[in-house]
Amino acid sequence: MSYLLRTLTRKKEVDTIIRDTIDKVLVLRFGRADDAVCLQLDDILAKTAREVSKFATVALVDVDSEDVQVYVKYFDITLIPSTIFFFNAHHMKMDSGTADHTKWVGAFHEKQDFIDVVEEEWDMVEALVTQCCVLVQHGHAFAIFRGAMKGKLIVNCPLPPERIPKYQLLYKDV
């Protein structure tokens, strides 16, 4: 499914999409087109890209491209797939109970998990705000889009712990 999404292989392409994506969440999946877990995530991203297009833009970044290694190093992409979120050129971080808040490591279990992380039932809350002029939280933590709209640079993950991929961070030369 990665062929359905825009793939960035040059630093200039990544710079441009980060700079030019305004008032939307930018979702950058760092990985490889031939990796099984990346393909699983790409399938979810491709299936939801149109659904979230009102408030999010999704693109893939090829970690094997020499020209994007500056981003691979900057975001410490050692495990793939790793997904980075931006809003108005600001790097959005998410506390998902893991040691690394700068990125989502691994695939989402299902497309609704990805949607919840990116927008957290935005349409339902937006409709309630419009009709009642009252903001209802629905018991979820702020997701990327909602947190960004409130000026937050780090948000809590709305998914339960069992829906968050587990991984072990290994530190070299520490």
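Counting from 1, the numbers follow the sequence of the chain as shown.
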> Has Lys24 got a side-chain atom pairing as donor or acceptor with Ser53's backbone, closer than 3.5 angstrom?
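Flag set: sc Lys24 to bb Ser53 pair under 3.5 Å.
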
> When you measure from the side chain of Asp62 to the backbone N and O of Thr9, does any donor-acceptor pair fall under 3.5 Å?
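Here the side-chain-to-backbone pair does not exist.
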
> Could you report the tightest heavy-atom contact between Pro81 and Ala107, atom names first, then the distance?
CG-N, 4.3 Å

> Taking Gln40 for its side chain and Gly106 for its backbone only, find out whether a donor-acceptor pair lies under 3.5 Å.
no

> Counting N and O atoms only, with roles assigned by atom type, does the side chain of Thr21 sit under 3.5 Å from a partner on the main chain of Ile18, one being a donor and the other an acceptor?
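Looks like no, no N/O pair under 3.5 Å.
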
> Using a strict threshold of under 4.0 Å (side-chain N to carboxylate O), is an ion pair present between Arg6 and Glu13?
no

> Only counting residues at least two apart or in another chain, list the ones meeting side chain to side chain contact (heavy atoms under 4.5 Å, CB included) with Lys12.
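Result, side chain to side chain contact (heavy atoms under 4.5 Å, CB included) vs Lys12: Arg10, Thr16.
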
> Can you list the residues that meet the side chain to side chain contact (heavy atoms under 4.5 Å, CB included) rule with Ala59, with sequence neighbours excluded?
Leu8, Ile17, Leu28

> My understanding is that only residues two or more places apart in sequence, or in another chain, count here; which of them pass ring pair (Phe, Tyr, Trp, His ring centres under 6.0 Å) with Phe75?
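By the ring pair (Phe, Tyr, Trp, His ring centres under 6.0 Å) rule, Phe75 matches Phe86, His91.
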
> Working to the nearest 0.5 angstrom, can you tell me the gap between Ile84 CD1 and Tyr71 OH?
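Taking CD1 in Ile84 and OH in Tyr71, the distance rounds to 11.5 Å.
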
> Under 4.5 Å between side-chain heavy atoms, hopping through other hydrophobics if needed: is there a path connecting Val27 to Val37?
no

> Check salt bridge (charged side-chain N to carboxylate O under 4.0 Å, His left out) between Asp15 and all other residues, then give those that pass, not counting sequence neighbours.
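Per chain and number, Asp15 pairs via salt bridge (charged side-chain N to carboxylate O under 4.0 Å, His left out) with Lys11.
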
> Identify, with sequence neighbours excluded, every residue that meets salt bridge (charged side-chain N to carboxylate O under 4.0 Å, His left out) alongside Arg32.
Asp64

